[in-house]
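Heavy-atom basis, side chains included; hydrogens, waters and symmetry copies ignored. In the text below, chain A, chain B and the rest are named by the order of the sequence lines, each starting its count at 1.
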Number of protein chains: 2
Amino acid sequence: MSLTHAILVLLTDCAQSGYDLAKQFDGSVGFFWQASHQQIYRELGKLEAQQWVEVEAIAQAGRPDKKLYHLTELGKQHLISWMEQPCDLSRTREALLVKMFAGNLVPRDVILQELERHHDLHTKQLALYRDIEQRHFANPQALPIEAQFRYLTLRKGIGYEADWLAWCEEAIQLLS
Amino acid sequence: MSLTHAILVLLTDCAQSGYDLAKQFDGSVGFFWQASHQQIYRELGKLEAQQWVEVEAIAQAGRPDKKLYHLTELGKQHLISWMEQPCDLSRTREALLVKMFAGNLVPRDVILQELERHHDLHTKQLALYRDIEQRHFANPQALPIEAQFRYLTLRKGIGYEADWLAWCEEAIQLLS
DNA sequence: ACCCACATGTAATGTGTTACATGATTTT
DNA sequence: AAAATCATGTAACACATTACATGTGGGT
């Protein structure tokens with residue numbers, strides 16, 4: 001499993017606390033890998049046990065210590081060897097398609113409304129991605145290499161949402 | 001969670017054993033909802049406890065009884081009320097994008113080879129879907145309504161694979 | 001002789017979700 | 001005065017994966 005690796009990847013950028021990581025899993029990385037803060041804290045404990053990360057405790061007035069997690073050299077090597085290995089295709093679980101599979105059990109309108117609703121949601125997410133694209137990645141060729149990789153993950157998000165949108169439209173048309 | 005509902009959906013077609021269901025989760029439905037046979041057997045136990053399915057034991061010479069699971073009226077009603085409720089967007093976990101996020105940690109070729117490999121896998125899956133499309137859904141407008149729903153799930157599969165393919169090509173081009 | 005399909009399951013482990021818990025500071 | 005943000009965690013439960021287990025019949 002690669003919640004492990006998703007965390008290590010984030011720590012290559014800079015040392016972070018569990019809290020910081022949780023926020024990243026809510027935004028950028030969260031677009032293709034989700035994790036709750038509880039998962040992250042538990043995983044950080046394991047990573048520390050394996051010596052893939054080191055903790056730096058930062059005392060804070062009237063709060064629990066902030067624990068800054070640093071990637072160790074061992075952790076970095078582990079990450080690199082994971083990156084060098086082929087990974088499986090992801091397996092998705094699409095509740096909407098389960099519904100579609102038995103669409104004839106409910107009135108047509110129920111399905112059409114659900115399709116419209118998803119159409120809306122994907123429209124909004126696509127707009128969000130396109131906005132990020134315009135503001136941060138206007139000229140992809142000119143980007144430094146690290147940014148090109150980030151750009152490509154965004155491009156996948158855009159393709160993903162656009163594909164859903166197109167499909168919703170096709171479905172609505174066929175069923176209307 | 002909707003492994004529950006995926007199973008109920010399959011049982012609307014006809015009564016099936018756990019083994020039969022497992023096979024379907026390997027093919028058709030498995031394209032958008034995966035489940036191992038162990039998950040299915042456990043879930044069937046729960047469905048029975050809720051009286052959403054009924055078991056018909058079929059004795060077989062020299063083998064364990066085949067347990068045919070029938071959808072009950074109660075089960076059907078439960079399924080319908082689930083279908084009437086809006087469902088969440090699925091959240092995917094894409095290991096390949098985690099890799100891409102930190103692509104600069106490894107030599108360019110490692111990433112390019114992985115992209116080529118995924119390009120191949122998606123090409124094959126797309127060809128498989130297109131083949132099913134041509135053989136079973138040549139004329140979508142003329143299909144009976146149940147088949148139109150099945151057709152639409154296939155269309156989503158085609159879109160999904162085509163989107164991955166396009167992205168792989170874009171990524172390979174940008175990084176080359 | 002060996003493997004595959006049929007047909008079911010237990011057990012252990014790993015992952016993910018939800019609820020609960022604490023307590024200060026900043027914003028509304 | 002209430003709510004949100006910062007910052008961490010425990011505990012219980014639900015769901016998923018992997019390995020192990022059993023035993024027949026048919027094909028190569």
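When the side-chain nitrogen and oxygen atoms of Y19(A) are compared with OP1 and OP2 of dT8(D), none of them lie within a distance under 4.0 Å. Side-chain N/O atoms of S17(B) include one lying less than 4.0 angstrom from OP1 or OP2 on dT8(C). Between K46(A) and dG14(C) there is no side-chain N or O to OP1 or OP2 distance below 4.0 Å.
Atom pair E43(A):CD and dT13(C):P shows a separation of 18 Å (rounding to whole Å applied). When rounded to the nearest whole Å, the span between CG of L21(A) and C1' of dA7(D) equals 13 Å. In this structure, L44(A) places its CG atom 14 Å from P of dG16(C), rounding to the nearest Å. In this structure, CD1 of I40(A) is placed 13 Å from C1' of dA7(D), rounded to the nearest angstrom. Nucleotide dC6(D) holds its P atom 14 Å from the CD atom of Q16(A), rounded to whole Å. Atom CD of Q39(B) is separated from atom P of dA14(D) by 16 Å (rounded to the nearest Å). The interatomic distance linking L3(A) (CG) with dG16(C) (C1') rounds to 10 Å, in whole Å. In this entry the distance linking CZ of R93(B) with P of dT15(C) reads 11 Å, nearest Å.
Between E73(A) and K76(A) no salt bridge is recorded (no basic side-chain N to carboxylate O distance below 4.0 Å).
Nearest heavy-atom pair across L175(A) and M100(A) is CD1-CE, 4.1 Å.
In terms of modelled atom types and a separation under 3.5 Å, the side chain of R117(B) and the main chain of C87(A) share a donor-acceptor contact. Panel note: side chain E48(B), backbone V55(B); no donor-acceptor pair is recorded below 3.5 Å. In this structure, S176(B) contributes its side chain and Q173(B) its backbone to no donor-acceptor pair below 3.5 Å.
Side-chain polar atoms of D20(B) and S17(B) form a donor-acceptor pair below 3.5 angstrom. Looking at E54(B) and T72(B), their side chains never bring a donor and an acceptor atom within 3.5 Å of each other.
In this structure, the nucleotide among dC6(D), dT8(C), dT17(D) sitting nearest to the side chain of K23(A) is dC6(D). The side chain of R91(A) approaches dT17(D) more closely than any other nucleotide in the set dT15(C), dT17(D), dC6(D).
Heavy-atom distances under 4.0 Å link DNA chain D to no residue of residues 7-15 of chain B.
Ring geometry for F137(B) versus Y151(B): interplanar angle of 30 to 60°, hence tilted.
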Identify every side-chain donor-acceptor pair in residues 157-171 of chain B under 3.5 Å, counting partners at least two apart or on other chains, and give the distances.
unit_1	atom_1	unit_2	atom_2	d
Y160(B)	OH	W164(B)	NE1	3.3
E161(B)	OE1	H122(B)	ND1	2.5
D163(B)	OD2	K156(A)	NZ	2.7
D163(B)	OD2	Y160(A)	N	3.4
W167(B)	NE1	L152(A)	O	2.8
E169(B)	OE2	H119(B)	NE2	2.8
E170(B)	OE1	R155(A)	NE	3.3
E170(B)	OE1	R155(A)	NH2	3.4
E170(B)	OE2	R155(A)	NE	2.7

Between the protein and nucleotides 9-13 of chain D, which nitrogen or oxygen pairs come in under 3.5 angstrom?
unit_1	atom_1	unit_2	atom_2	d
dG9(D)	OP1	K67(A)	NZ	2.4
dG9(D)	O6	H37(A)	NE2	3.4

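Across the interface with DNA chain C, nearest-nucleotide mapping of A35(A) and D20(B) shows D20(B) to be the residue nearer the 5′ end.
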